[in-house]
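In what follows, a single structure is set out as structure tokens and then discussed.
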Amino acid sequence: MPSNAVYSHRDPMLKKRDDFEDILEERRTSSDLRYALRCYTPALYKGETPCQSSLLKSMVLQSDQLHYVISQISKETGKATDDVRDEASAILEEMAHSLQLSTVRFFAFSLCKVFKTLFRSICVNEEGIQRLQQAIQEHPVVLLPSHRSYMDFLLMSYLLFTYDLALPVIAAGMDFMGMKVIGEMLRMSGAFFIRRSFGGDQLYWTVFSEYVRTMLKIGYAPVEFFLEGTRSRTSKSLTPKLGLLNIVMDPFLKGEVYDVHVVPVSISYERILEETLYARELLGIPKPKESTSGLFKARKVLSEDYGSIHVYFGQPVSVRSLAEGRVNRRQFNLLPRHISRRPGEDIHSFVNDSAYKLVRAQEENMVLKPWVLLASLLLQNHHQDQEQDQGMAVDQLTAQALWLRDVSRQYGAFLHWPDHIPASEVVSSSLSLHRGLVRLSEGRVQLAVEQAGGPAVPGEAPSTTSPEEELLNQAVVILSCASYRNQALHVFLRPALLASAIHTASSTLKQDVFNSFSFLRNIFSNEFILCPGATVQDFEEACFLLGKTGVLQVTQQEVLVTESGHRTLSFLTNMLDPFLQGYQVVCRFLCEEATETLTEKQFIPAVRKFIIKHLLAGSLRYTEVLSSDLQKNSLAALLRLGAVRKIKGVEQGTLKVDKVMVNSLEDTLGGKLPTQKAVAARL
Amino acid sequence: MASNSSGGPDRQRIAQQRLRIITGHLQGRVDVDSTILAAECKAQGSQTDVSREEEKKTVPRRRQDIMKWNGWGYSDTKFLFNKKGQAEFTGKRYRLSGMIIPALKEWFEGTFGASMQHKSPATTMACFLSARLNSDAVQPPTLNEAFVEELKSTGIPFSHDAEDRVFRAHGHCLHEIFALREGKVGRVPDMVVWPNCHNDVVKIVELACKHNVCLIPYGGGTSVSSALECPPEETRCIVSVDTSQMNRILWIDEKNLTAHVEAGIVGQDLEQLLNESGYCTGHEPDSMEFSSLGGWVATRASGMKKNIYGNIEDLVVHVRMVTPQGVIEKSCQGPRTSTGPDIHHFIMGSEGTLGVVTEVTMKIRPMPEYQKYGSVVFPNFEQGVACLREVAKQRCAPASIRLMDNEQFKFGHALKPQVSSMFTSFLDGLKKFYITKFKGFDPDRLCVATLLFEGGREKVLQHEKQVYDIAAKFGGLAAGEDNGQRGYMLTFVIAYLRDLGMEYYVIGESFETSVPWDRVLDICRNVKARIIGECKDKGVQFQPLSTCRVTQTYDAGACVYFYFAFNYRGLSDPVHVYEQVEHAAREEILANGGSLSHHHGVGKLRKEWMREAVSKVGMGMLQSVKDYVDPKNIFGNRNLI
């Protein structure tokens, strides 16, 4: 039996997940007003009574930490301590939330209306809610929702209000403050605002971190922030930001609380409100500044159908158990705790690893809709016969989707495929929800790219578009589609890396394949969520999955592809191929066109131009390579590997390219060079 | 004895009065008269009457005659549930003796989920010894014949009787007592010797060096650090050096207020003898009934009233220790010296690894004129700690100030003896009403501090006011002398209570630490929570008791005691679970800025953390002292390093 248990642990297919309940159902049958005004008495941490936000502020201003920093700053700058304290107080005023139940009720009421118009259902795992309720009473709680839409934090507060749970205090970016009325309303519904960057400002940092730490220490309310830092425009999880995670873990590490429970929350949208907005942004059309009037303009989105939302509250993760055996907490014994020190290497790597684990926990509980599979298939198909794009027969698409459904389930995907409905209906209803992205005609379906200029920007004469504009218009559709495919990437990522490794490896020897795998994994670790230092586990997981599904035969020495495995393998390599190609193009750009004076700022526009040229010339297939996300990630990878260096000179952030190295990386990516050398050079 | 020179009859009368006060919390009411009689005998008696002196002393050579061999304290004293199911404390030695404790059963059952139906009785000594005949529970002694022969010629008494040896093979750690109750013993000393004086010890150590025999000094046997456990890997003959017969006060110097005392004397005898001359040391560790002066020195002991009298390192003026290299001592009794690192600090805390402490010159003080107990109720533990911190800041701590958390407050309540009159019970009810209803204290959060003031009457009253004023600033309400006195009385009986628990599947232990003020609350919360969490993880079926108190205040921090007990029904290896939880609790203490030990010492139980506690270089220093003083590891108890 025990061996069985270990086995099931490794097999993601057997992962147990909770059931969902639609919370809009009740809202459609009973009064929203009564709902918004109902009695709200959430249970708090250790049965504490609620404390006013003004009391919280005074606790922060009186904290030893802040006192210490104020006196330090006063000593260094010669300013009077009172002045510095006033500064701190002003920072706190600018930052702090001021939760008011009336505002929350107002939001609850209006969101009911909005949600009911926009969405078919909002599904929540109620067991997760119960676990959260338990956790809130026992420990300080940090909520970590995934971030795909502006909707996320309104939705979170709405849900907690609905379930009579303590409302979270949410870390929001300062840009919201620009929207005057909305900004203040958000503040009154529990948001607090932080500047996007405050690198050297010690006073700001101290006020901010004390604010968060105090809330946790006194169990004021659950603290909510986005581990990814910003909304993911690509639907891929972003590399986690560590700043806030560091702050919320600190009270535990210093023994000020017994434990902190972190709850990853996965919010998946069947159709993302910001869909085309994101695509345009990735293509270099700048994001509009948040403004209240902008929001009103966006109200036309209200007339469309956005399907359903799934919110999965994951298992609360105890920071204490994460730190067990990892962090020596005695290191804090010799310094008074109000003096903060830059976290040491061990703390940094602990927080970093934890952050990755938490993002993966978010990914694992993301609900995938059938459309995600369809988008993957349609994209692959689109690229395969680009010349005479006839699309796919719907029957063929349905058959492939069913096949992919089974594969993804075997890989542990949290797929919501309604098995009780005929597959053809599932497919057609998915297609109709995303009718802006696909074209259906005569039983065939294809991406809506060929006259993309027309429907995307109505009223514009197609004849006036230049080839470049047309390309960009196509790219909007492709990138939107890719963002749905990306939702499933985490499911296929490790097998896909292995598939590509097999493809590029010089032999079928396990060691060679592993080297290739390790190389690719290393290159792509800015692109995808790959836990640092887990190469061997990832390799084994991939081997296990592909072995289990009969794609590979993995022996002690060799990795062999089975007869029936080619279909899966080619699907997987195709999935990763746009990224492989994209990185190669970036390398080629750096080798061919990078000048001595290329700065980081100029990089994106320059590489974009280069890519457009190649796309138009037909020497590059993947329009999605135009995504600035991919370009930034590849540059980050090259910087990390040392193939490109940033020089702090006259011109801020000039890029110095090691052309030999970049060239060899490009060749290795393209399978022209054996990986071993490249790996040896790097690892 | 020097004491006689100053003793007029009047003075003796006063001394006896004072004695009555100081023994109040120690002795039972009935017993008080007999104590004073005994004291009178001593004061008037001739100094040469050795036999009378011998018989009066607390600790005989055959300890098992008056003390439990597998539990705490005197054989005649224990808690039990009588036929009516009421808790009762037997014997006559303590204030609580002979009394019914009505609320204990309910508390005991409620707290631990224990039941009177489920008993876990101990093996009796007779059973144990007869079992030995069949299965060799106690291995036969490995004697070093040459050593025994030469020892015989010195005339120093010794024994290799199994009972004597088993008695000296353990301290009072839970695992030690649990094993004894199960009738299991590991390696025990091969023989026991009873030196009578310093010179006897010198002879024993010389012979041990000559014949390569391992010596383990044994004082009161109250160790809670596995310090007395014989290393199982020791192949040489192990000789337990029981210092209990070295129990005389050799002289008292009233000019300098010092007393020169043999190190085997136990605390209660030392105080009693000094009291007869109108003096005291004021050193009162909780174990003072049984622990010895030599043991205090060897473990760096701390006493309840250290705020007035100091800890052992403050009390010791001169120490004599016999080591394999010879006798170590200072050449003068200067109150402070600058002569390099203080060699006393190699001796204090050496835990029997370097030699036997034989004689100690200690500071003494005139007995206090007046003593007053007190107590303060706080709305919660946080306020209580804040008050103690303020008291420490103002350096006005009474002789003793202790803060119990809510669980211990409830426990203390459960130990209230049956009240004698309707009036008292009415008064109790009224007090409770006042505190919980009128003052709005939450009975599940409030906590209590117990106080003991000592000194001149006027000063005590003034001091009392000062402390109560501070307490009031932190929401504290004076809660009467009775509660305070009962708190201190419990110190002595609590150890007996563990034996009662062990009769009903409940095991427990206390452990301590010292910690800077700013971390006191955090360490208390986190360690208590860790204990509960670990018990859950390790499959303990019932909610454990996890409680703490702050027992000492210092300028820069406090001493914190944790009590931890659980019902082990349903566990196959309760001691192992217990040890895992204690280990985790210690890890938690260290992670929260607590020390490895405030006064219990390291022994073998906490050895694994020593290197980190004192650094690698620190360990090297200790090791090099050991290597020089005892190259053949004659004092081979393997404590500390």
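Everything numeric here is computed off the predicted structure, so don't read it as measured data. Values below: all heavy atoms of this structure, side chains included; hydrogens, waters and symmetry mates excluded. Chain letters run A, B, ... following the sequence lines, proteins first and then strands; every chain starts at 1.
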Asp259(A) portion near chain B, given a 4.5 angstrom heavy-atom threshold
neither
Distance col, row Arg530(B):CZ vs Tyr258(A):OH, nearest 0.5 angstrom, shows 6.0 Å
Does Lys217(A) form a salt bridge (charged side-chain N to carboxylate O under 4.0 Å, His left out) with Asp522(B)? I'd like the steps, not just the answer.
CA-CA 11 Å; Lys217(A) 268 161 36 183; Asp522(B) 291 330; over 6 Å; no
Heavy atoms from other residues, nucleotides or ligands near CZ of Arg445(B) exceed 12 (cutoff 6.0 Å):
no
Would you find more than 12 non-hydrogen atoms of other residues, nucleotides or ligands less than 6.0 Å from Glu608(B) atom CD?
yes
Which pair of heavy atoms, one from Asn526(B) and one from Val257(A), lies closest together, and at what distance?
OD1-C, 3.7 Å
Taking side chain as everything from C-beta outward and backbone as N, CA, C, O, which of these in Glu324(A) sits under 4.5 Å from a heavy atom of chain B? Side chain, backbone, both or neither.
side chain
d(Asp518(B) CG, Arg337(A) CZ) to nearest 0.5 Å is 5.0 Å
Counting heavy-atom pairs under 4.5 Å to chain A, which of Ala529(B), Gly593(B), Gly533(B) comes out on top?
Ala529(B)
Does His576(B), at its NE2 atom, have more than 12 non-hydrogen atoms belonging to other residues, nucleotides or ligands within less than 6.0 Å?
no
Within this structure, what is the CG-NZ distance for the pair Asn592(B) and Lys254(A), rounded to the nearest 0.5 Å?
13.0 Å
Run the numbers on Glu588(B) and Arg329(A) for salt bridge (charged side-chain N to carboxylate O under 4.0 Å, His left out), then give the verdict.
CA-CA 9 Å; Glu588(B) 192 63 31; Arg329(A) 288 184 283 147; 2.9 Å; yes
Would you indicate whether Met619(B), at its atom CE, is surrounded by more than 12 heavy atoms from other residues, nucleotides or ligands within a distance under 6.0 Å?
yes
Which heavy atom in Phe332(A) sits nearest to a heavy atom in Arg519(B), and how many Å separate them?
O-NH2, 2.7 Å
Rounded to the nearest 0.5 Å, what separation is found between the CG atom of Asn328(A) and the CD atom of Glu587(B)?
9.0 Å
